Amino acid sequence: MVQSSVLGFPRMGVLRDLKKANEAYWADKISQEALLAEGKRLRLAHWKIQKDAGVDIIPSNDFAHYDHVLDHIQLFNAVPERYTSQKLSPLDEYFAMGRGHQKGGVDVPALEMVKWFDSNYHYVKPTLQDNQTFSLAKDPKPVREFLEAKEAGFQTRPVLVGPVSFLALGKADRGSSVDPITLLDKLVPVYVELLKQLKAAGAESVQIDEPVLVFDLRPEVKAAFKPAYEAIAAAGDAVPKVIVATYFGDIVHNFDVLPAFSGAAGLHVDLVRNPEQLEPVLKQLGPNQILSAGVVDGRNIWKNDFAKSLEILQTAVKALGPERVIVATSSSLIHTPHTLASEKKLPSDVYEWFSFAVEKVKEVATLAKAVTEPDAVKAELEANAAAIKARTDSKRTNDPAVKERQAQVTPEQHNRKAPFNTRYAEQKKHLSLPLFPTTTIGSFPQTSEIRVQRNKFTKGEISAEEYERFIEKEIELAVKIQDELDLDVYVHGEPERNDMVQYFGERLNGYVFTTHAWVQSYGSRCVRPPIIVGDISRPAPMTVKESKYAASISKKPMKGMLTGPVTCLRWSFPRVDVHQSVQCQQLALALRDEVVDLEKNGIYVIQVDEPALREGLPLRKGQEREAYLKWAVDSFKLATAGVENSTQIHSHFCYSEFQDFFHAIAALDADVLSIENSKSDAKLLKVFIDEEYPRHIGPGVYDIHSPRVPTLEEFKQRIEEMLAYLKPEQLWINPDCGLKTRKWDEVKGALSHMVEAAKYFREKY
Ligand code: GLN
Ligand code: ZN
């Protein structure tokens with residue numbers, strides 16, 4: 001029989017219950033016992049969902065109160081001393097590493113948190129010491145949760161982060177210089193001990209995640225698999241059977257590592273992302289090894305195309321026999337929302353196109369049956385084929401006018417009329433900007449008053465006119481404050497925007513929105529991405545009214561503010577029926593019209609934000625990455641190149657690590673780039689001189705995440721540092737990012753110092 005399995009289930013619960021419980025605990029509103037009880041309730045509920053759906057292999061230890069990598073830091077007693085020395089309870093120590101702890105005389109910052117591969121989930125980085133030791137935590141969480149499930153009648157397969165990935169995803173603590181992978185010898189015995197305890201508790205198999213296998217690996221990391229997995233295999237029957245799991249990419253380039261897993265029971269690969277790796281992987285498996293075939297997408301919200309998945313599964317079954325194939329989700333389902341059943345407002349035709357976690361779990365079980373007994377699930381297969389066909393044929397999906405326009409896109413449309421030098425000369429005259437021009441990144445404080453009025457408007461408690469009048473007043477306030485601060489290029493402050501992607505999605509054809517489809521981003525923070533369901537077009541201008549009003553009351557140039565095509569795409573759930581490059585080009589064409597409309601309405605500085613450009617980078621260097629950069633850059637250029645030379649195009653990025661793809665940043669041909677830089681090393685700016693970057697740059701001069709108002713001296717110092725890397729006529733003075741999370745007092749304080757510092761240098765040069 002073909003078995004079914006799930007690699008991990010979302011932790012939050014139907015109504016983001018875990019978020020609420022965690023936050024209540026942090027605010028001292030509920031006890032530790034109450035929080036732990038809520039965790040248990042969620043785990044039991046999630047196991048039951050999977051069992052009821054008929055899933056054969058149900059995961060445990062996939063649950064985490066904050067992050068599963070953080071769980072392993074505590075599990076292996078790899079907690080840095082600055083936390084252990086606080087003598088907090090284990091739970092508080094855990095949260096202290098995740099989010100910092102500032103309470104009861106204790107003040108420790110969080111460990112570094114970074115993106116989990118190319119997803120929008122963030123994990124806490126294992127942070128290791130030169131003299132690092134490991135030992136198994138008392139009452140290890142994977143064993144505890146396995147037993148909890150067993151007691152409740154669920155036989156589960158514990159999920160662990162593999163020893164090599166745990167180290168390879170870690171880093172040396174500040175003050176240490178250890179290469180984490182060199183600590184393998186110390187970690188492996190602890191790992192084996194953990195596996196022995198799991199076996200003793202009754203675990204028949206474990207899922208060991210080694211997702212780093214999809215990266216290009218350093219030789220040291222590659223070499224680590226053999227000793228690690230040989231030590232596990234040497235424990236024989238004292239440890240559970242091991243399934244090594246990989247996801248988010250193919251592992252073909254790391255096939256030379258596979259002999260290390262010869263003692264493992266099987267291998268899980270992602271066949272949604274890389275179906276073409278099936279054939280080569282089949283050839284690599286040992287004579288008794290199992291293939292766990294990841295065919296149900298853990299990263300998206302679309303209904304599985306059963307016919308397509310069955311084709312893959314049949315190929316596997318033909319090669320291995322049904323006993324050696326497991327039907328699985330491609331990755332953990334933590335990247336998908338909980339259940340479609342919560343969505344009451346989706347258009348009914350569209351509703352049928354989706355599967356969230358609860359529905360995907362059923363898909364896995366159905367597919368497993370369908371491989372060998374299609375008649376037993378005939379009705380499900382037919383319903384699925386009908387839903388897939390309905391989507392393919394839908395008018396919502398296909399807009400001939402959009403396709404027509406895409407077919408007519410020309411190479412020239414991607415290029416500005418003249419090269420930068422000519423443009424700059426015209427812009428300088430037109431905008432009369434001083435040396436070291438000052439500006440901000442777009443948003444001003446989103447006050448509670450703004451949220452209250454927006455809610456009232458959404459609920460119909462105030463009229464569109466009343467709401468519009470309110471927004472105008474907010475814009476007036478923003479303009480007045482910028483007058484007082486004496487900034488050089490103004491913004492309208494974005495008071496009308498709920499979110500930088502949703503706002504545009506709501507104004508474009510081709511999108512739908514959910515009410516409950518939250519996905520964990522980090523800790524208790526969740527995001528609710530809009531969904532692209534069809535060809536995208538712009539029925540009417542989206543931002544012109546606000547920008548035009550702002551410009552009409554402002555004596556300095558007003559900067560129009562748009563979210564770029566790549567960011568709109570990346571921060572939505574994209575379609576899977578057409579390539580992302582096609583969707584991105586559609587977004588670009590819609591934005592191109594907006595850019596041109598802004599210009600027609602007197603907006604001569606236009607910023608198109610692309611903070612998500614870097615996170616879309618394919619995980620490995622090479623062809624695939626270059627192909628992505630090509631269409632991503634082309635989309636930005638198509639969106640922005642429709643204007644006159646005298647109109648200045650800005651773009652913005654919330655980071656300054658461009659080393660890996662500087663050529664793409666340069667190819668955007670934006671007149672001005674504003675980038676996050678205040679917390680980064682100013683040395684990162686060196687690439688701009690090394691590569692002889694000719695255009696203008698505003699590296700952030702202060703951190704907008706902190707309420708602290710930097711002193712005038714700090715601003716001067718920061719600008720001085722930047723001038724070591726950039727020519728004076730290249731340099732803009734601006735904050736790191738938008739100011740929406742700040743209070744007005746903080747904004748006024750910081751910006752007045754910023755402007756004063758700019759004036760000081762203007763005098764000097
Ligand atoms: N213009 C946006 C703002 O200021 C940019 C946000 C971002 O870069 N994430 O809020
Ligand atoms: Zn930003």
Side-chain angles (χ1 to χ4, degrees), residues 115 120 122 438-447 450-451 454 471 474-475 478-479 481-482 487 489-505 507 521-522 525 527 529-530 542-543 546-547 550 558-572 591 594-595 598 603 605-616 636 639-640 648-658 665 668 670 672-680 684 697-706 732-744 746-747 750-751 754:
K115 269 189 193 285
N120 196 21
H122 299 70
T438 53
T439 190
T440 59
I441 307 305
S443 56
F444 276 132
Q446 287 264 334
T447 57
I450 294 183
R451 275 194 293 272
R454 185 181 300 140
I471 293 295
E474 288 295 314
I475 293 174
V479 169
I481 291 173
Q482 292 173 92
L487 283 148
V489 172
Y490 288 12
V491 296
H492 77 286
E494 306 180 22
E496 77 288 7
R497 303 195 188 170
N498 41 6
D499 171 275
M500 65 185 288
V501 173
Q502 190 178 340
Y503 182 80
F504 289 92
R507 282 155 185 78
S521 172
Y522 62 86
R525 192 176 151 72
V527 294
M542 304 182 282
T543 65
E546 289 80 9
S547 286
M558 177 58 62
K559 184 160 63 167
M561 196 59 58
L562 305 173
T563 303
V566 183
T567 302
C568 282
L569 178 77
R570 290 288 315 171
W571 291 354
S572 304
L591 287 161
E594 186 73 14
V595 167
L598 282 169
I603 309 296
V605 181
I606 301 168
Q607 179 177 311
V608 179
D609 294 327
E610 281 293 22
L613 187 85
R614 183 179 62 168
E615 68 179 54
F636 179 88
T640 52
Q648 189 168 62
I649 297 292
H650 290 221
S651 188
H652 167 69
F653 300 90
C654 308
Y655 45 84
S656 36
E657 287 91 3
F658 297 122
I665 295 298
L668 297 175
V672 181
L673 291 182
S674 63
I675 63 182
E676 179 280 338
N677 190 248
S678 78
K679 282 172 301 171
S680 315
L684 287 173
I697 306 146
V701 287
Y702 83 96
D703 176 14
I704 51 88
H705 294 105
S706 165
W732 281 65
I733 309 293
N734 48 254
D736 269 349
C737 191
L739 297 161
K740 57 174 161 260
T741 57
R742 296 273 57 83
K743 300 207 167 64
W744 270 116
E746 298 154 7
V747 165
L751 291 182
M754 183 184 92

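All heavy atoms count here, side chains included; hydrogens, waters and symmetry mates do not. Ligands are counted one by one from 1 in listed order, and the atoms in each one are counted from 1 as well. The model shown is predicted, which means the values in this text are computed figures rather than measured ones.
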Subject >> Per-residue contact class, Ser443 against ligand 1 - non-hydrogen pairs under 4.0 Å >> reply: both
**OP:** For residues Asn734 and Val701, determine if any side-chain heavy atom of one lies less than 4.5 Å from a side-chain heavy atom of the other.
**Re:** no
Original post:
In terms of atom number and element, which parts of ligand 1 are under 4.0 angstrom from non-hydrogen atoms of Gly738?
Top reply: 3 (C), 4 (O), 10 (O)
Subject >> Between Ser678 and Asp736: side-chain donor-acceptor atoms closer than 3.5 Å >> reply: yes
Original post:
Are Arg614 and Tyr655 in a cation-pi contact, defined as NZ or CZ under 6.0 Å from the six-membered ring centre and within 45° of the axis?
Top reply: yes
Subject >> CG-CZ distance between Leu751 and Arg742, expressed to the nearest 0.5 angstrom >> reply: 12.0 Å
**OP:** Identify, for atom 6 (C) of ligand 1, the protein heavy atom at the shortest distance, and state residue, atom and that distance.
**Re:** Met500 SD, 3.5 Å
Subject >> Aromatic ring pairing Trp744/Phe444, orientation class (parallel under 30°, perpendicular over 60°, tilted between) >> reply: tilted
Original post:
For ligand 1, which atoms sit closer than 4.0 Å to a heavy atom of Asp609?
Top reply: 1 (N), 2 (C), 5 (C)
**OP:** Report yes if the side chains of Leu598 and Thr543 come closer than 4.5 Å at any heavy-atom pair, otherwise no.
**Re:** yes
Original post:
In terms of atom number and element, which parts of ligand 1 are under 4.0 angstrom from non-hydrogen atoms of Cys654?
Top reply: 7 (C), 8 (O), 9 (N)
Subject >> Polar proximity ligand 1 side, Glu494 side, N/O cut 3.5 Å exclusive >> reply: yes
Original post:
Any sub-3.5 Å donor-acceptor pair from Lys740's side-chain atoms to Thr447's backbone N or O?
Top reply: no
**OP:** Among all protein heavy atoms, pick out the one at the shortest distance from atom 7 (C) of ligand 1; state its residue, atom name and that distance to 0.1 Å.
**Re:** Cys737 SG, 3.5 Å
Subject >> Ligand-residue contact atoms, ligand 1 with Gly442, heavy atoms, under 4.0 Å >> reply: 4 (O)
Original post:
Can you give the angle Cys654 SG - the Zn ion (ligand 2) - Cys737 SG, rounded to 10°?
Top reply: 120°
Subject >> The single option from Arg451, Arg454, Glu494 passing side chain to side chain donor-acceptor pair (under 3.5 Å) against Gln446 >> reply: Arg454
Original post:
What atoms of ligand 1 come closer than 4.0 angstrom to any heavy atom of Ile441?
Top reply: 1 (N), 4 (O)
**OP:** Taking only heavy atoms of His652 into account, list the atoms of ligand 1 that are under 4.0 Å away from them.
**Re:** 8 (O)
**OP:** Indicate whether the side chain of Ser651 and that of Glu610 have a donor and an acceptor atom separated by less than 3.5 Å.
**Re:** no
Original post:
Do you know which N/O/S atom name in His652 is closest to the Zn ion (ligand 2)?
Top reply: NE2
Original post:
Against heavy atoms of Lys740, which atoms of ligand 1 measure under 4.0 Å?
Top reply: 10 (O)
